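Residue indices begin at 1 and follow the sequence shown. What you see is a predicted model, and the numbers here were worked out from it, not measured in a lab.
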Amino acid sequence: MAIHFIKKASKNATTGEDNTRQIVSTMLAEIEAGGEARCAEYAEQLDGYTGNIVVTPEEIEAAGSRLSQQVKDDIRFAYDRVYGFAVKQRESLVDFETELSPGLWAGQRQIPMQAAGCYIPGGRYSHVASAIMSVATAKAAGVDHVIACSPPKPGHGVHDGILYTANLCGADTILALGGVQGIAAMAFGLFTGKPADILVGPGNRFVAEAKRMLYGRVGIDVFAGPTEIGIVADHTADANLIACDLAGQAEHGPDSPAWLFTTDRALADKVIELMPQYIAKLPETARNASSVAWADYGEVILCDTDEEMATISDQYASEHLEVHCENLDWWVARLRNYGSLFVGEETTVTFGDKCSGTNHILPTKGAARYTGGLSAGKFIKTVTTQRMTKEANREVAAAAARISRLEGMEGHARSGDDRLAKYFPNETFNLQVEEV
């Protein structure tokens, strides 16, 4: 493969993880031992917050009263599309039963989880859209009790837009907690008495590590890292739109990778030229994050052919992947590894992140090679069932007994033997493994 790094990142996805695990491990252990009191201490220590942990109906109503009707309309616009898409996902997951052989039926059932914990970031930015992506999707899946938590601000609490949105989407409990203490509270059932079966939602490296450490004890959506954008582009692409999208996505944080894969050297050079200009136009907080992210994690890779571009894109397995190319149908059919695909310059990561309908909680750090993002299916267990007639035991019990003895598991074999003896007392069956 003939690829050339016109710009190569100086850092990668593992940079900066050295002490995160120790900090998170200590906090989780202390909160599990100290319960709600220790959780509240962390809220005061880390967020300067001493108000209600469980947000009251009055606080939710007050938050809504402080929002303009335009803001509420925009939130409703996004909710209708995200919830509507999640409902369609849920409808695609079906129960069924099929007869595999005479008298033997096997099937599956789709059972929603009882409690889900949805983390909604509220630090550098107040992620109203994340409230929709997590809470609305859980509700569409049929989860009984949805707990939302978000970092509070000193003297105020959770951001008004997040409170209004989480409530609109159907959150049953909203906690004014951020970071590891928020994740721990949902996992351990603090303040609600309902330990979460699954934890979902984006967050910083401490939130991501807390979810990773709790995985197995609870389910999680994805092993998440800093958000990523990849763009596949050929000679037909608009360099200005590409630079705008790369700079915009990098505003998430100083460790957010932004990658361009292209077959056009002139386009690559132009995007590199434009990036400082687009970054400079951003407000200070976004500008500071985006400039560091592009300097340390940005890459521009030149390929010889479309096939090489597709191959390298699949290797990176971008969380968000935009395609600015000719022959869009070919790219949709060819590309395999991405969290969410944005086809053509008319769409962009921003639309998916905020309101177009698909979920923005997506796999990072190459996880798109083996998983998709958050969907209604993540909140549902697909479980199997089986039933059979006595007559079906003639085949099934005898085969199971012989296979069990082949494996040396005599106790298993006798479960088959005893049923055959009960159901067919006057018949003889071959239940031993034949020698070769």
Side-chain angles (χ1 to χ4, degrees), residues 1-13 225-250 252 256-276 278-279 290 293-353 356 358 360 362-373:
M1 177 180 295
I3 65 167
H4 175 62
F5 285 88
I6 299 176
K7 181 185 184 304
K8 186 166 177 58
S10 60
K11 297 182 179 180
N12 59 42
T227 191
E228 307 161 351
I229 181 174
I231 298 181
V232 174
D234 63 15
H235 68 284
T236 66
D238 184 332
N240 285 279
L241 286 181
I242 291 173
C244 179
D245 289 358
L246 291 173
Q249 192 67 12
H252 274 279
S256 294
W259 305 312
L260 171 62
F261 316 113
T262 183
T263 50
D264 190 309
R265 178 60 189 256
L267 177 72
D269 292 340
K270 185 63 175 177
V271 170
I272 290 174
E273 175 190 335
L274 290 171
M275 283 298 293
Y278 276 91
I279 292 171
S290 189
W294 178 246
D296 292 348
Y297 292 88
E299 291 190 338
V300 178
I301 300 175
L302 183 65
C303 303
D304 281 344
T305 66
D306 287 353
E307 179 59 36
E308 285 181 355
M309 256 204 301
T311 299
I312 197 70
S313 175
D314 279 348
Q315 289 174 6
Y316 275 64
S318 308
E319 177 192 17
H320 309 93
L321 182 60
E322 296 184 2
V323 181
H324 296 230
C325 294
E326 293 179 314
N327 304 320
L328 292 174
D329 289 344
W330 182 86
W331 287 99
V332 172
R334 169 60 183 82
L335 291 166
R336 299 176 63 90
N337 298 339
Y338 50 81
S340 190
L341 188 65
F342 301 83
V343 183
E345 71 166 39
E346 296 82 5
T347 188
T348 172
V349 172
T350 294
F351 299 166
D353 269 359
S356 60
T358 57
H360 79 193
L362 300 165
T364 62
K365 294 184 175 181
R369 292 179 295 106
Y370 57 82
T371 188

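- Atom CZ of Arg369 is separated from atom OH of Tyr338 by 16.0 Å, given to the nearest 0.5 angstrom.
- Remark: Lys7 NZ to Trp294 CH2 distance equals 5.5 Å, nearest 0.5 Å.
- Contact check for Ser356 versus Thr347: no side-chain heavy atoms found under the 4.5 Å cut-off.
- A donor atom on one side chain and an acceptor atom on the other are found under 3.5 Å apart for Thr227 and Gln249.
- By the side-chain hydrogen bond (donor to acceptor under 3.5 Å, both in side chains) test, Asp296 is found to be paired with Lys11, residues two or more places apart in sequence or in another chain being considered.
- Atoms CG and OG, on Leu321 and Ser313 in that order, are 4.0 Å from each other to the nearest 0.5 Å.
- Qualifying side-chain hydrogen bond (donor to acceptor under 3.5 Å, both in side chains) partners for Thr236, counting only residues two or more places apart in sequence or in other chains: Asp234.
- Sorted by first and then second residue, the salt bridge (Lys or Arg N to Asp or Glu O under 4.0 Å) pairs with a member in residues 237-250 form an empty list; sequence neighbours excluded.
- Panel note: side chain Glu228, backbone Pro257; no donor-acceptor pair is recorded below 3.5 Å.
- Every pair tested for salt bridge (Lys or Arg N to Asp or Glu O under 4.0 Å) that includes a residue from residues 336-352 fails, sequence neighbours excluded, so the list is empty.
- Contacts classified as salt bridge (Lys or Arg N to Asp or Glu O under 4.0 Å) and involving residues 266-275 (residues at least two apart or in different chains) are given here: Arg265-Asp269, Lys270-Glu273.
- Between Cys325 and Leu328 the shortest heavy-atom distance is O-CD2, 3.3 Å.
- Phe342 is not listed as a side-chain neighbour of Thr348, based on a closest heavy-atom distance of 4.5 Å or more.
- Between Ser318 and Gly230, the closest heavy-atom pair is OG-CA, 3.6 Å.
- With values rounded to the nearest 0.5 angstrom, Ile279 atom CD1 is found 11.0 Å from Leu274 atom CG.
- Screening residues 315-327 for salt bridge (Lys or Arg N to Asp or Glu O under 4.0 Å) gives no qualifying pairs among residues at least two apart or on separate chains.
- Under a 3.5 Å cut-off, the side chain of Asp264 and the backbone N or O of Leu267 do form a donor-acceptor pair.
- Two residues are said to be in side-chain contact when any heavy atoms from C-beta on lie closer than 4.5 Å; Leu341 and Trp331 fail this criterion.
- With sequence neighbours left out, the side-chain contact (heavy atoms from CB on, under 4.5 Å) criterion links Ala368 to Ala317, Pro363.
- Taking all atoms of both residues into account, the shortest heavy-atom contact from Pro226 to Thr364 is O-CG2, 3.6 Å.
- Partners of Asp314 by side-chain hydrogen bond (donor to acceptor under 3.5 Å, both in side chains), not counting sequence neighbours, listed by chain and number: Arg334.
- Between Ile301 atom CD1 and Ile312 atom CD1 the span is 5.0 Å, to the nearest 0.5 Å.
- In terms of the side-chain hydrogen bond (donor to acceptor under 3.5 Å, both in side chains) criterion, Thr305 has no residue partners (sequence neighbours excluded).
- The minimum heavy-atom distance linking Ala295 with Ser10 is given by the pair O-OG, 4.3 Å.
- Of all heavy-atom pairs between Ala268 and Val300, the closest is CB-CG1, 3.6 Å.
- Residue pairs satisfying the ring pair (Phe, Tyr, Trp, His ring centres under 6.0 Å) criterion with at least one member in residues 302-324, sequence neighbours excluded, are listed as follows: Trp259-Tyr316, Phe261-Tyr316.
- In terms of heavy-atom proximity, Leu362 sits nearest to Ser340 at CD1-CB, 3.7 Å.
- For the atom pair CG of Asp304 and CE of Met309, the computed distance is 10.5 Å after rounding to the nearest 0.5 Å.
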Worksheet item: Can Val271 and Ile231 be said to form a side chain to side chain contact (heavy atoms under 4.5 Å, CB included), step by step?
Response: CA-CA 11 Å; Val271 170; Ile231 298 181; over 6 Å; no
